[in-house]
Every structure is written in structure tokens, then in C-alpha cells.
2 protein chains.
Amino acid sequence: MTVGNEGGIRTRARVHSWQSIREHVLERIQSGEWAPGDLIPTEQELAQQMGCARATVNRALRELAGSGIVQRRRKVGTRVAATPMRRMTMRLPVIRDEIEAMQATYAYELTGCERRAPTARAAAALCKGMPEELMMIQSRHLADGQPHCCEAVWLHPELLELPECTHFRMEAPHDWLNRSRAVTQTRFAILTEGASGTCAVNLGVDDGTPLLTIERTSLVDGVAVSFARQFYPPGHRLVFDD
Amino acid sequence: MTVGNEGGIRTRARVHSWQSIREHVLERIQSGEWAPGDLIPTEQELAQQMGCARATVNRALRELAGSGIVQRRRKVGTRVAATPMRRMTMRLPVIRDEIEAMQATYAYELTGCERRAPTARAAAALCKGMPEELMMIQSRHLADGQPHCCEAVWLHPELLELPECTHFRMEAPHDWLNRSRAVTQTRFAILTEGASGTCAVNLGVDDGTPLLTIERTSLVDGVAVSFARQFYPPGHRLVFDD
DNA sequence: CAGTGGTCTAGACCACTCC
DNA sequence: GAGTGGTCTAGACCACTGG
């Protein structure tokens, strides 16, 4: 596993770069010399063996821990992870960017806006001091005129200073949210669902068509202020890479 | 965005911890003082302002860059990212662990094993020196006797020393692969598909039922040696968290 | 060529946790 | 209490890149 490459910089590895230490350790793990569950030498020992500073070893092992290759605990040491459960990073989809990256023309359309009682899922996501009604905004995003994604966004009216519905004819809810409040945290779930009702119509697909669904909860200072469900028609792929 | 929390360690923040520097910078960004696209002060300037070492500022900014909050370039400086495109980390699903985490009993079943010409997708993933036939292994994983996931794994027969089919009655392909070769890299795609054929039967669902699909390519030393497609019935959720 | 981030070092102290 | 990782510092040099 090539971890990160630190922002794409690729340079001649110095003899004692933290990358070279990381590779050294990785090779010992992959060769089986250090098996899953084993403790590997301490930072101090490794630094002596490799002839570098402990801070350099620390950096290398910290990166490996970040990738889930090893687990570290004070006083105990560094252990090769039992299951090679890797962690991968994913760029969060920003719909406009997604579409423009395909060299397509982006368009946004408001398809519904009203106050209504939340669904069970929306209520579960926006649990804090739930009022009886939330603002729900339905919209779709088009690439070169073809439906690309359809979404429903629930906004918490008491935690946000909501504009009139007409505002969302021009600006997508997430753009507005990012402008107006500093979202400090986001939660995601990916699942699949059969198309139904408004969404099927807006995407131009038959009822029951499998849709890739992304549920997204935005938090400001630890409190959930919005919950969105985004639906993508078949063919859409979320790609992860090392 | 709380970034990582470095392995779950939470401790009294020292006055000049890199975490506190990170929070300081984050606040300035979230308050709008440093707007998207802006250059923020250099490491040296920040170190002086905050009264800490440059290395500490470097660590804080490196973490923010890792989360996609800022972008850094030598000679240019550190810029607040134009789009708040966050990066999130995801634990890769290891099916047995997934099931055991639910307090359910894990079971594995081989449902098919043969050599055959690859599908277009398998061929695209395993592009290197593609032979005419690949080994394809179909199986399913059960939680407390209920189908949890159904998968098809394509293995490259010339890059791997494949055992007989009977071997895969006892051991799942990925377990075997992880034991026999050091997988150095993995690629993922998440999509959705309607159930069909064998898979619908093995999962006990009707044809056309939306299935969450994970495509997974395993690489050894940069060369793809296996390609897997895993199908999950409705209700399954992949969860991401900050 | 000069400015900025990227990294290494050597030493120090602290925090967590097992014994 | 003692061992191990987690972090900070001050200083240094290097690598990339814009002018």
C-alpha cells in the first residue's frame, strides 16, 4: 500500500527519509518476518538499526498506523494489525465539480420546497430539539441537460436562518449551507434503494430502478443542521483509490 | 471538522499543541477571516504569531491539508481550499469482521469455481498480460444462516499459484489471497445493480432487487492479480465518519 | 535566485498503561 | 514505577517553483 504520497510530491528518497523507513517496515511485514499480531521493534530500536532519528521512525510508523497496517499503544508498542483492514480516503462528491470534471455543463433545478414533518430517517439524523416541521428542499442536478442526481435536503429551521423557498431556485441547498454556516463535520452513509415517486420522475427512470443513495448529515459545532439524501441512477460509480 | 483524533488519544491540549494550532487556523477559516482561495500566513509567520516552533505549525497545516481544508504548494504558500471538498476515511469492509461485529455467527459457502473467459469488467481491471481464461470463484457469506453478501472473485492464474477448487470450500478467496501474497494496493468502486441470475438466488432475493455493489481490485507490486464483485442486499449501509 | 513548504536531527518532557 | 509512544523545540538543509 502506497500511503498518500503526501500531496503528490515525488522526489529522490533520501537514505533516511521517513518514506524509506516506512517501506522498510512494510517489506518486513509483507515478507512475513513480522507477522500479524506481532510486536515490532520499538521506535528507539528501529532508529538505531536504521541509523536515523527517532522522530523519523515515529513519522513512518504513524503513517502506517493511519493506513491501518499497524496499531500502536503506549507502553505496549507497535503491533502488526491482525486483519489487514485498510483505511482508504475518499473525496467527498461535490455535485457541481463532479459534473464539470466530466466536461459537461452543469445545471441545477429546484423541484420542490415546503415545510413538513420529517421522515423517520430525517428525524433520526437531526435529533437535537426536533421541531414538528422541517424545511424540505427537493432538487435535481443535470449534466448537459441529462439528469445526473436527484436530492432531498432537510434543513433545521430553528438552527438555521432559512431564506424563502424562492431563494433555492437559484442556489442549491448545500451551496447555501456552505456559504452561510461553517459546517464542521459530515457523516455519510452509502446504500441502495429502488426508485420511487418524485425521484423516479425527476431522474427519468422507471419505478424500482436501483439507485445509488448517499445520505449526508452536516453538523455545525456538533449539532446536526441538515440531512440530505442524494440519488444517482445506475451507472454511477464512487471510486476510491489508495 | 475534527480531523482524525490521531488514533483516539484525547488528552489535555497543551498551549502549543499542534491540535490547538489546527483549531486556531480552522476558526479563522470558518469565521471567514481567511476566505476560500486566500493565502494564509506562512509557517514562519504563524509560528511567530502563535509562539511555537515552525515544526508544530507544519504538523497542524499538514493535517488540514490531509483533510482537504487547505492546499499547500512550495514557494506559493498555503491556500484555503476553494471547494470544501473534504476527504473522509473509510474502513474497508472485511466481511467476516463485519458479521462478527453484529454478534452474528459467520459462515462461508463456495457456490462455484471454474476457469472461464473474463467479463469485460474483469478484463479491464486485470489488464496485464491477460490470459484467455481466469479462475472465477463464486461464494456467499452468511450471518446467522441468512445470506449477507454474495461475491464473485476473478483470480489471475499466471500471477498467482492457484490451489485446486476444492481448497476454496474451506477458505474464502480473499483470505487465501491475503495469506499467500502481500497485497500492496487496493482499488474500490461502489455502485448499484439489479440482482440477476446466480446472485439473486444465492442472496434469496427477486431478480431486479437493487444490490449495493463493491468492486475491488487487489494489486501486488502494482500489478492487478484479482478482481472481485461483492453484492449486498437492500438494507446494507456503508458508513463513513469524520 | 529567492521564498516557501518538506524534512531531518538531537534532545527533552509528557502521557498513557502495564506490571 | 518503568517502558513506550506522542509531541515540542531550535536549528539546519533540501526541494520545488515563481519571477
[X] side chain N/O closer than 4.0 Å to the phosphate oxygens (OP1, OP2) of [N]?
X	N	result
A:Asn58	D:dG6	yes
B:Arg54	D:dG11	no
A:Gln19	C:dG6	no
A:Thr78	D:dG5	yes
A:Arg73	C:dC18	yes

Take the protein atom [atom1] of [X] and the nucleotide atom [atom2] of [N], then report the distance between them rounded to whole Å.
X	N	atom1	atom2	result
A:Leu46	D:dT4	CG	P	12 Å
B:Leu64	C:dG5	CG	C1'	15 Å
B:Trp18	D:dT9	CH2	C1'	17 Å
B:Arg62	D:dG6	CZ	P	14 Å
A:Glu43	D:dT7	CD	P	10 Å
A:Lys75	C:dT17	NZ	P	12 Å
B:Arg72	C:dG6	CZ	C1'	9 Å
B:Gln44	C:dG5	CD	C1'	11 Å

Give the intermediate values and the outcome of side chain to side chain donor-acceptor pair (under 3.5 Å) for residues A:Tyr106 and A:His141.
CA-CA 7 Å; A:Tyr106 172 75; A:His141 304 262; 2.7 Å; yes

What's the closest nucleotide to the side chain of B:Arg74 if the choices are C:dT9, C:dC8, D:dC16?
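That would be D:dC16.
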
If you check the B:His16 side chain, which of D:dT9, D:dT7, D:dC16 turns out closest?
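So the side chain of B:His16 is nearest to D:dT9.
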
I'd like to know if [X] and [Y] make a salt bridge, using a cut-off of under 4.0 Å between side-chain N and carboxylate O.
X	Y	answer
B:Glu23	B:Arg28	no
A:Arg187	A:Glu215	no
A:Arg22	A:Glu63	no

If you pin A:Val76 and B:Glu45 to their nearest nucleotides in DNA chain C, which one's is more 5'?
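Between the two, 5'-proximity favours B:Glu45.
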
Quiz item: B:Arg59 side-chain donor-acceptor pair to C:dG6 base, under 3.5 Å:
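Between C:dG6 and B:Arg59, which were checked side chain against base, a qualifying N/O pair under 3.5 Å is absent.
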
Which residue, B:Thr56 or A:Gly77, contacts DNA chain D at a nucleotide closer to its 5' end, judged by nearest heavy atom?
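Per heavy-atom nearest nucleotide, the more 5' residue is A:Gly77.
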
Quick check: are there more than 12 heavy atoms from other residues, nucleotides or ligands sitting under 6.0 Å from CD of B:Gln49?
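For B:Gln49, atom CD is crowded (more than 12 foreign heavy atoms under 6.0 Å).
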
